[in-house]
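First listed ligand is number 1; within each ligand, the first listed atom is number 1. One-based numbering along the sequence shown. The analysis underlying the following values was restricted to heavy atoms, covering all of them including side chains, and did not include hydrogens, waters or symmetry mates.
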Amino acid sequence: MIYTGNNRNLSIEPYEPCPCHLEKKFKFCCYQKAKDDTSGPMAKGFSLGRINHLIRDFYASTDFKTCFAFEKVQCSGPIKNAHSLQNNRILNVICENGHLYHFKPEIVDSGPTSVIKKIGKNDASTFFGFCDFHDTELFKPIELFDYTGGIQQNFLFAFRALAVEMHKKLRQLKNVKRMFTKRPRTMLDPQFVYMYRVAVSDVNDHQFEYDLFKQGYQNGDYTGLRTIHRELQLGVKFAACSSFAVRYDIDGNLINDTFSTKKDRMPSIYLNIYPTQKGTTNILISYLNIDSEVYQNYFKSLDALDAKNLQNI
Ligand SMILES: [Zn+2]
Ligand SMILES: [Zn+2]
């Protein structure tokens with residue numbers, strides 16, 4: 001990501017907490033190390049293959065295991081590679097001979113891009129976000145039953161989308177922090193500081209939303225979301241489970257300035273698209289009610305679209 005905007009805040013201030021250790025001030029912690037580091041670009045002269053290998057290794061080393069379930073005392077069993085999409089109900093519908101395709105980030109001659117790669121069903125769309133017990137128990141209402149539009153099902157679909165993304169955001173933050181440790185001079189580089197700022201606010205935003213889901217779950221109150229559901233009369237050959245802040249509405253007006261490093265929270269929408277066993281496709285899009293000021297008009301216009309136009313969007 002190369003940032004070329006005019007944001008200030010692209011240097012780490014002397015008295016702000018050091019990225020490596022939030023209890024210490026930057027000036028008294030890594031600042032001198034950053035100034036003294038004279039190392040050049042990490043992959044100078046490397047082939048693209050080697051650069052991709054290096055990035056994959058680097059990113060792989062940021063993976064971590066956690067359980068995002070709300071009742072931690074119940075956690076049991078190993079943190080498995082949990083599927084962000086239901087294994088039986090979704091992956092079986094879209095896989096062919098046990099394989100499917102996924103998007104994989106890769107650096108090519110023209111820069112970073114996504115390429116489509118074949119992957120085994122059991123490795124697809126997985127992340128270390130739930131213990132064995134919660135992966136099964138928490139999601140039973142959507143794993144074992146057809147979608148009926150109930151608020152608990154909407155809640156669980158949205159929550160899983162949040163968990164998948166939260167795991168990625170935490171990894172991205174770890175990734176930047178590791179870069180700072182390995183190459184301290186990057187702490188003085190506006191582009192890396194920008195990556196750091198974005199990663200920190202992404203994690204904070206997701207944590208805020210996570211806490212709201214937790215509150216709702218613990219109170220047995222699943223009404224904190226607004227969800228649009230559409231069923232397409234054809235089975236798509238892909239599935240998606242993700243949460244993100246929407247930058248433009250369907251008329252191209254800016255809703256969220258997603259490239260900003262300002263402290264304002266970027267509210268997420270939660271998206272699930274998957275083919276059903278009866279040959280149709282479910283589309284679920286939700287936002288938290290507290291974000292209705294940001295998203296209610298957007299959802300109103302999405303809701304007004306017929307199935308075909310919604311599919312296009
Ligand atoms: Zn430090
Ligand atoms: Zn657990």
| said: Check this for me: Arg247, atom CZ, are more than 12 non-hydrogen atoms of other residues, nucleotides or ligands nearer than 6.0 Å? | reply: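 It does: Arg247 CZ has more than 12 such atoms within range.
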| task | For atom CD of Glu23, decide whether the heavy atoms of other residues, nucleotides or ligands shown that lie under 6.0 angstrom number more than 12. | result |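 Open.
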| query | Looking at the Zn ion (ligand 1), is one of the N, O or S atoms of His21 less than 2.8 Å from it? | reply |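 Checking His21: none of its N, O or S atoms is under 2.8 Å.
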| query | Side-chain contact, heavy-atom cut-off 4.5 Å: Glu165 with Lys169? | reply |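 Side-chain contact under 4.5 Å: yes.
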| query | What is the SG(Cys29)-the Zn ion (ligand 1)-SG(Cys30) angle, to the nearest 10 degrees? | reply |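 It rounds to 120°.
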| If you measure from the Lys or Arg side-chain nitrogens to the Asp or Glu carboxylate oxygens, is any gap between Lys168 and Asp63 under 4.0 Å? |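 Result for this pair is no, no salt bridge flagged.
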| field | Name of the His134 atom (N/O/S only) found closest to the Zn ion (ligand 2) | value |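 Output for this pair reads ND1.
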| message | Need one value: angle at the Zn ion (ligand 2), Cys75 atom SG versus Cys131 atom SG, rounded to 10 degrees. | response |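 Between SG of Cys75 and SG of Cys131, the angle at the Zn ion (ligand 2) is about 120°.
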